[in-house]
Enquirer: 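Take a look at this one; I'll ask things after.
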Amino acid sequence: MLKILLSQVKEYKLPSIMTPVWMIGEVICEMITPVLMGKIIDDGINGGNMDYIIRTGILMLIVALIGFLFGTLGGFSGAKAAAGFAKNLRKAMFRNIQSFSFANIDKFSTSSLVTRLTTDVTNIQNSYMVILRMAVRAPMTLIIAVIMSLMIDAKMACIYLGAIGFLTVVILILMKNAAKYFREVFKKYDALNESVRENVSAIRIVKAYVREDHEISKFQKAAVNIYLTFVKAEGTVVTILPVMMGTVYACMILISWFGANRIVYGSLTTGGLMSLLAYCMNIMMSLIILSVIFVMITMSEASARRIVEVLTEETELHNPENPVMEVPDGRITFEQVDFSYNKTAEEPVLKQVCLDIHSGEMIGIIGGTGSAKSSLVNLISRLYDVSKGSVSVGGHDVREYDLDVLRKRVAVVLQTNILFSGTIYDNLRWGNPEATDEQCQEACRIACAEEFIRRIPEGYNKMISQGGTNVSGGQKQRLCIARALLRDPKVLILDDSTSAVDTATDAKIRDSFRNRMPEVTKLIIAQRISSVQDCDRIIVMEDGRVDGFDTHENLLRTNRIYQEIYESQTGANAEADFDSKERG
């Protein structure tokens with residue numbers, strides 16, 4: 001885990017190395033000061049030597065300034081190294097997330113990924129700063145202070161050693177108990193972020209159904225869970241401070257008591273006692289800092305594991321060694337295809353699917369909710385891989401293509417229509433960054449979006465708010481279709497992407513596809529019979545199987561499921577209606 005994390009230090013190795021060096025220099029300067037203080041007392045004040053006091057005082061000032069310089073340099077380089085490390089972690093995580101397949105994304109919730117990119121990385125950043133500075137400074141202070149104390153009076157220094165041993169045992173016991181609470185708390189952060197994300201993204205629905213109180217209650221519950229877990233963790237940790245302070249005062253009393261006796265008997269000087277008391281404070285403060293470091297490391301351990309999970313997650317979709325770099329045409333073939341989202345699932349989502357779609361055909365796909373219509377088309381652009389069988393586009397198995405090439409030629413307009421903040425032109429050029437204004441306008445004409453854009457004073461330069469909240473659902477769908485057309489696709493898939501437009505506009509869009517894009521294979525998933533009945537052929541899905549694949553007329557006469565959908569939407573008897581049309 002450490003190797004994976006530290007590989008992201010990269011260009012910040014030098015400040016990461018120099019920070020401990022500066023800290024060691026600062027510690028050495030601090031440790032010299034008590035010795036000089038003792039000499040001022042013993043050789044200067046007790047000896048009445050004012051020149052010695054002045055010279056030693058100047059030397060102390062110089063040492064303090066050098067220590068200040070080392071500390072400043074250490075703080076600056078440590079901040080640079082920690083912030084740079086966090087930046088690289090976020091960049092590496094985000095880059096890896098972008099390579100995820102839908103199957104990989106299904107493993108992590110959106111809120112969990114947000115927490116890992118923000119809270120978890122911030123924890124690692126803070127811990128890295130502490131490790132570079134304090135984790136070097138505190139042990140060095142402790143070691144040097146003990147050595148200097150032993151040099152002044154070995155018997156008196158044994159008091160320190162006893163205190164160090166006692167506090168080490170206390171810290172380890174308390175940190176072990178606190179660690180389990182810190183591991184729990186970050187999982188609860190995911191629940192909190194999920195509550196916030198859902199509420200903000202669906203705020204209109206919340207207000208429409210007057211569910212503000214419910215959402216507030218749900219958020220409060222998540223916040224209280226975090227609060228209670230942190231109270232347990234922090235309650236365990238804060239026990240360290242009173243124990244440490246009690247130990248510090250006990251050490252000072254013992255040193256003062258035994259030191260005074262040793263001064264009386266002449267085995268210890270007054271300056272030596274002052275130095276021992278100063279080192280006592282240094283040792284105890286080092287132990288307090290070490291306890292804080294243990295807390296930080298304990299908190300960051302859980303964050304580190306969550307970050308490494310994202311960094312080491314490998315996409316389930318890979319390019320072949322010698323990928324096909326061109327999609328010849330829009331032919332689509334499904335051969336004995338089974339598909340499951342979960343490899344351990346007892347029953348596949350798609351079962352024994354066999355289809356042969358000609359290039360340039362307009363294919364309708366219809367079926368009940370949960371019949372696996374979207375799952376079927378997701379395999380064409382290789383958003384998922386089949387569990388069994390094969391899917392071919394243009395005569396090649398989709399697994400033979402370079403992923404970018406395949407997805408540029410198989411354009412998908414998903415059920416969830418997302419627009420980004422920026423102008424209409426900016427959103428359209430997500431489909432093709434190099435598209436000219438004329439190409440954008442032509443795509444909008446095909447998608448029947450130009451008619452509403454003309455009515456907007458700003459036209460194509462109208463600013464779209466994040467998520468497209470300042471345009472209607474139908475307008476958003478048409479802009480998303482136009483964006484997909486700019487990819488110059490061989491296959492165009494509309495996953496229920498005209499559900500928000502009226503039937504007249506829906507018909508215009510299909511006519512436009514048929515007349516202006518005859519060579520492009522069009523697959524239209526829809527809930528309305530009217531959206532697919534004029535397609536060349538229609539796929540009827542039922543429980544993950546292809547129940548029928550024929551023209552509207554033939555399905556109306558022979559397919560029970562299609563007849564039921566037709567009758568439920570039109571109120572007419574399917575066979576009688578078909579017979580009357582034939583006679584007419």
Enquirer: List the atom of N88, the atom of E11, and the distance in Å for their closest heavy-atom pair.
Expert: ND2-OE1, 3.4 Å
Enquirer: Walk me through it: do I307 and L5 pass the test side chain to side chain contact (heavy atoms under 4.5 Å, CB included)?
Expert: CA-CA 8 Å; I307 289 170; L5 290 174; 4.0 Å; yes
Enquirer: Would you call R306 and E309 a salt bridge, taking side-chain N to carboxylate O under 4.0 Å as the test?
Expert: no
Enquirer: Listed by chain and number, what are the side chain to side chain donor-acceptor pair (under 3.5 Å) partners of R90, not counting sequence neighbours?
Expert: T122
Enquirer: In the structure I gave you, are the side-chain heavy atoms of R116 and V121 within less than 4.5 Å of one another anywhere?
Expert: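 A side-chain contact is absent here, since even the closest heavy-atom pair is not under 4.5 Å.
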Enquirer: State which residues pass side chain to side chain donor-acceptor pair (under 3.5 Å) with T141; sequence neighbours excluded, sorted by chain then number.
Expert: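 With neighbours one apart ignored, the set is empty.
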Enquirer: Answer yes or no: are there more than 12 heavy-atom neighbours, outside M151 itself, under 6.0 Å from its atom CE?
Expert: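 Count not over threshold, so no.
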Enquirer: So how far is it from N96 CG to T312 OG1, rounded to the nearest 0.5 Å?
Expert: 8.0 Å
Enquirer: Is a salt bridge present between D385 and R382, judged by a nitrogen-to-oxygen distance below 4.0 Å?
Expert: yes
Enquirer: Working to the nearest 0.5 angstrom, can you tell me the gap between I66 CD1 and C29 SG?
Expert: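 The SG atom of C29 is 5.5 Å from CD1 of I66, to the nearest 0.5 Å.
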Enquirer: Kindly compute the distance separating CG (D495) from SG (C480), expressed to the nearest 0.5 Å.
Expert: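 Spacing of CG (D495) from SG (C480) equals 12.5 Å.
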Enquirer: Might you confirm whether atom NZ of K87 has over 12 heavy atoms from other residues, nucleotides or ligands at distances under 6.0 Å?
Expert: yes
Enquirer: Any side-chain donor paired with an acceptor under 3.5 Å for S375 and N378?
Expert: no
Enquirer: Test T423 against K462 for side chain to side chain contact (heavy atoms under 4.5 Å, CB included), laying out the working first.
Expert: CA-CA 5 Å; T423 65; K462 174 182 172 62; over 6 Å; no
Enquirer: When you look at I97 and E313, which way does the side chain to side chain contact (heavy atoms under 4.5 Å, CB included) test go after all the steps?
Expert: CA-CA 9 Å; I97 290 169; E313 180 74 15; over 6 Å; no
Enquirer: Between S387 and D338, do the side chains contain an N or O donor and an N or O acceptor separated by less than 3.5 Å?
Expert: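 S387 vs D338: no donor-acceptor pair found between side chains.
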Enquirer: To the nearest 0.5 Å, how far apart are CG in L61 and CG in L65?
Expert: 4.5 Å
Enquirer: So, for T19 and S77, which heavy atoms are closest and what is the spacing to 0.1 Å?
Expert: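 T19 and S77 have their closest heavy atoms at OG1-OG, 2.8 Å.
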Enquirer: Taking the side chain as every heavy atom from C-beta outward, state whether L59 and L36 have any atom pair closer than 4.5 Å.
Expert: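 Heavy-atom side-chain distance check passes, below 4.5 Å.
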Enquirer: Would you say the side-chain atoms of N319 pair up with the backbone N or O of L403, donor to acceptor, closer than 3.5 Å?
Expert: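 Yes, the answer is positive, given that a donor and an acceptor are paired below the 3.5 Å cut-off.
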Enquirer: Only pairs under 3.5 Å count here: list side-chain donor-acceptor contacts from residues 128-138, not counting sequence neighbours, and write none if there are none.
Expert:
| from | atom 1 | to | atom 2 | distance (Å) |
| --- | --- | --- | --- | --- |
| Y128 | OH | S16 | OG | 2.8 |
| R137 | NE | E26 | OE1 | 3.2 |
| R137 | NH2 | E30 | OE1 | 2.9 |
| R137 | NH2 | E30 | OE2 | 2.2 |

Enquirer: Count the heavy atoms belonging to other residues, nucleotides or ligands that lie under 6.0 Å from NZ of K10, then report whether that count exceeds 12.
Expert: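 Check passes, neighbour count above 12.
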Enquirer: Got a sec: does the CD of E212 have more than 12 other heavy atoms crowding it under 6.0 Å?
Expert: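 Result for CD/E212: enclosed.
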Enquirer: Do L89 and L117 touch side chain to side chain, with heavy atoms closer than 4.5 Å?
Expert: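 The answer is no; the side chains never approach within 4.5 Å.
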Enquirer: Do you know which two heavy atoms are closest between A92 and L311, and how far apart they sit?
Expert: CB-CD2, 3.6 Å
Enquirer: Can you find a side-chain donor-acceptor pair between S300 and N123 that sits under 3.5 Å?
Expert: no
Enquirer: Report the C-alpha distance between M60 and I40 in whole Å, list the side-chain angles of each, state the deciding distance to 0.1 Å, and finish with yes or no for side chain to side chain contact (heavy atoms under 4.5 Å, CB included).
Expert: CA-CA 10 Å; M60 285 179 65; I40 285 177; 3.5 Å; yes
Enquirer: NZ of K221: more than 12 outside heavy atoms within 6.0 angstrom?
Expert: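 Open: at most 12 neighbouring heavy atoms sit under 6.0 Å from NZ of K221.
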Enquirer: Is the number of heavy atoms from other residues, nucleotides or ligands under 6.0 Å of Y341 OH greater than 12?
Expert: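 Counting neighbours around OH of Y341, more than 12 heavy atoms of other residues, nucleotides or ligands fall under 6.0 Å, so yes.
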Enquirer: Locate the shortest heavy-atom distance separating D120 from S303; write the atom from each residue and the value.
Expert: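 Shortest heavy-atom separation between D120 and S303 comes out as OD1-OG, 2.9 Å.
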Enquirer: Which heavy atom in Y401 sits nearest to a heavy atom in P323, and how many Å separate them?
Expert: C-CB, 3.9 Å
Enquirer: From F85 CZ over to Q125 CD, what is the distance, rounded to the nearest 0.5 angstrom?
Expert: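 Answer rounded to 0.5 Å: 10.0 Å.
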Enquirer: Shortest non-hydrogen contact from V114 to T118?
Expert: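 That closest heavy-atom pairing would be O-OG1, 2.6 Å.
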Enquirer: Look at the side chain of R483 and the backbone N and O of W430, then say whether any donor-acceptor pair between them is shorter than 3.5 Å.
Expert: no
Enquirer: Just checking K218: does its NZ atom have more than 12 heavy atoms from other residues, nucleotides or ligands closer to it than 6.0 angstrom?
Expert: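 Yes - once you tally the heavy atoms of other residues, nucleotides and ligands closer than 6.0 Å, there are more than 12.
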Enquirer: How about L73 and M18: do any of their side-chain heavy atoms sit closer than 4.5 Å?
Expert: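 Side chain of L73 against side chain of M18, heavy atoms only: no contact under 4.5 Å found.
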Enquirer: Do I147 and M31 have side chains that approach each other closer than 4.5 Å (heavy atoms only, starting at C-beta)?
Expert: no
Enquirer: Take atom CZ in F420; do more than 12 heavy atoms of anything else shown fall under 6.0 Å from it?
Expert: yes
Enquirer: Do the side chains of I24 and V21 get nearer than 4.5 Å, heavy atoms only?
Expert: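 A side-chain contact under 4.5 Å is absent here.
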Enquirer: Mind checking the CG-OH spacing from L350 to Y384? Nearest 0.5 Å is all I need.
Expert: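 Answer rounded to 0.5 Å: 11.5 Å.
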